[in-house]
Each structure stands twice: as C-alpha cells, then as structure tokens.
Amino acid sequence: MYRGVLFDLDGVIVDTAGYHFEAWKRLANSLGTDFTTEQNEQLKGVGRVESLQMILKWGEIVKTEEEQASLCIIKNDWYLDLITHMNESEILPDVKKMLDNLKDNNVHIALGSASKNAVTILKAVGLIDYFEAIIDGTKTTRSKPDPQTFELGAEALGLDPSECVVIEDSIKGIKAAKLGGFDTIGIGNPINLNASVVTVADLTELSYTCDDGKLIILDK
Ligand code: BG6
Ligand code: MG
C-alpha cells in the first residue's frame, strides 16, 4: 500500500508522445535526417536537449551548443503549436477517475515529469489542482533514468520513496523510479517496461482501492 502516487505526465496523464514525435521528426527532416519509431521509444522520458543530442547522433550531425539551443526552441515552438488545442478530452482513460479517488481518500499526489511544458499542459487539461507537488524539467538537474525527479517528488510530499508508487510509460522512467527505491506501475508493454508492481495498457486495467490515506493495488 502507498501513501503517495507520483505520476509521469507524457504518456501517463496525456497522450502527447505523438506530438513530441511529430515535432522532432519535422526538425530531423529539416536537418536532412530522420529517425524511426523504435528510436523514438528511446526518447520517451528524456529531456529536450538530450533528445536533440540523440537525434543528432543518430543522424551523424554535429551542432554547437548554441545551435542546439536554437534547435530546441524551434522544436518546442512546433510542439507548442501542436498542443495549443489540448483540452480535457486528451486526458488518458481513467486518469481523472484515479485522481479523484486518490484525492477523496487523502492519498498524496505529485507529478514527476521531464517536461518543461508540464504546468501549461496540466492547466490546459484542467488537472493542475490535483497535484500537491509538481516536479518537472524546470526543477531538475539530472534526467531520468537518474532518480532525482522522483526523489524530489517524494520529498515534496514529505514521504519516503518506500511509501510511494511511480506510474510511468517509459523504460528510462521505470529505471529512474527503481533506482530511487520506488515501486513502479507501468503503462504500456509489460516486456519492455518491467515494472515492479504491474504493467497495464492503461489505467482502466488497473485494479486498486483507496482506504484511509492509502492506495492498495489489487490483482497483481
Ligand atoms: C518527457 C517526454 O515527458 O518530456 C519526452 O517523454 C520529452 O519525450 C521530455 O522530450 C521533455 O519535454 P519538453 O516538453 O520539456 O520538451
Ligand atoms: Mg512518459
């Protein structure tokens, strides 16, 4: 049982992975390169600059630090264009139901995301008020799979990692949580993710109950 839940954002709360892919692909193509959907999987959970550096490496393209900074701005502008229309219809299945359940039962809720757009997105989809703590790409210095994002999340909730569970859709995010001593629930493919508690296709498949400040996962 858990007193706190740390949610990743992209791919767990909202399905923004496709928008990230579209914007990166446009940027890669503009640089005369491309990348595959398999390579894109490796970008999940990875911060903006590091993602660019991986795409440049795959395309054998060299850019200075300054050029990389401008390319990240261009990608983010394209990404922001793609997400401007976002509203609550883009919240993934049963996310709101789970947040309501946790809140009604006094289970603590935090966000642990690499995205610097997290607050914008949470506001756009109307979920920002559920989060007692938001640890996003503006608050961290080390990317997943480093556990810093989740460690800061647990600390902000006043909980020990052993009292929290992390919900993640990326291999790097699950690894980060495990390294920080957190239990993990995976969203996606169980073979890739290897989460410690259970991996489900989406939250409609997660059996749980909340009682007296605690989340209990059923039917593992
Ligand atoms: C993660 C995504 O949540 O955030 C990555 O999985 C993304 O794909 C990263 O690169 C950084 O996001 P942003 O919004 O700051 O560019
Ligand atoms: Mg994610």
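Order of appearance sets the numbers: ligands from 1, and atoms from 1 within every ligand. Treat the numbers as computed from the prediction; the structure is a model and nothing was measured.
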field: Close N or O approach (Tyr79, ligand 1; < 3.5 Å)
entry: no
- request: Could you list the atoms of ligand 1 found under 4.0 angstrom from a heavy atom of Ser51?
  value: 10 (O)
- prompt: Is it true that a side-chain atom of Asn105 and a backbone atom of Val107 form a donor plus acceptor pair closer than 3.5 Å?
  reply: no
- prompt: Does Leu9 reach ligand 1, in the sense of a heavy atom lying below 4.0 Å from it?
  reply: no
- request: Anything under 30° is parallel, anything over 60° is perpendicular, the rest tilted; go ahead and classify Phe35 against Phe21.
  value: perpendicular
- prompt: Going by heavy atoms, is Gly45 under 4.0 Å from ligand 1?
  reply: yes
Val165/Ile217 under side chain to side chain contact (heavy atoms under 4.5 Å, CB included): CA gap, chis, key distance, verdict: CA-CA 10 Å; Val165 66; Ile217 306 297; 5.5 Å; no
task: Kindly confirm whether the Mg ion (ligand 2) is within less than 2.8 Å of some N/O/S atom in Glu168?
output: no
query: Taking heavy atoms and a distance under 4.0 Å, where does Ser115 meet ligand 1: side chain, backbone, both or neither?
result: both
- prompt: Does the pair Lys25/Asp34 count as a salt bridge with the N-to-O cut at 4.0 Å?
  reply: yes
- prompt: So which heavy atom in the protein is nearest atom 16 (O) of ligand 1, and how far is it from that ligand atom?
  reply: Arg48 NE, 2.8 Å
- prompt: By atom name, which N, O or S atom belonging to Asp10 lies closest to the Mg ion (ligand 2)?
  reply: O
message: Pairs of nitrogen or oxygen atoms closer than 3.5 Å, one from Trp24 and one from ligand 1: do any exist?
response: no
query: What N/O/S atom of Asp8 gets nearest to the Mg ion (ligand 2)?
result: OD2
query: What do the steps show when you test Leu31 against Ile55 for side chain to side chain contact (heavy atoms under 4.5 Å, CB included), and what is the final call?
result: CA-CA 10 Å; Leu31 297 170; Ile55 292 168; 5.8 Å; no
- prompt: For Val46, is at least one N or O under 3.5 Å away from an N or O on ligand 1?
  reply: yes
task: Tell me which part of Lys116 gets within contact of ligand 1: side chain, backbone, both or neither, using heavy atoms under 4.0 Å.
output: both
field: Atom CE of Met86: over 12 foreign heavy atoms under 6.0 Å
entry: yes
- prompt: Which heavy atom of the protein is the closest neighbour of atom 3 (O) of ligand 1, given with residue, atom name and distance?
  reply: Asp10 OD2, 2.6 Å
- line: ligand 1 atoms nearer than 4.0 angstrom to some heavy atom of Leu43 are 5 (C), 8 (O)
field: Proximal ligand 1 atoms for Lys44, defined as those under 4.0 Å from one of its heavy atoms
entry: 6 (O)
- prompt: So which of the N, O or S atoms of Asp169 lies nearest the Mg ion (ligand 2)?
  reply: OD1
N or O pair under 3.5 Å between Asn76 and ligand 1: no
- prompt: Which atom names give the shortest non-hydrogen contact between Cys72 and Leu52, and what distance separates them?
  reply: SG-CD2, 3.9 Å
- prompt: Are the charged groups of Lys96 and Glu88 less than 4.0 angstrom apart, N to O?
  reply: no
statement: Only residue of Ser196, Cys164, Ser162, Pro147 satisfying side chain to side chain contact (heavy atoms under 4.5 Å, CB included) with Phe182 is Cys164
task: Measure the distances from the heavy atoms of Ser170 to every atom of ligand 1 and state whether one is below 4.0 angstrom.
output: no
message: Taking the side chain as everything from C-beta on, heavy atoms only, tell me whether Phe150 gets closer than 4.5 Å to Ile135.
response: no
- prompt: Do Gln148 side-chain atoms and Arg142 backbone N/O form a donor-acceptor pair below 3.5 Å?
  reply: yes
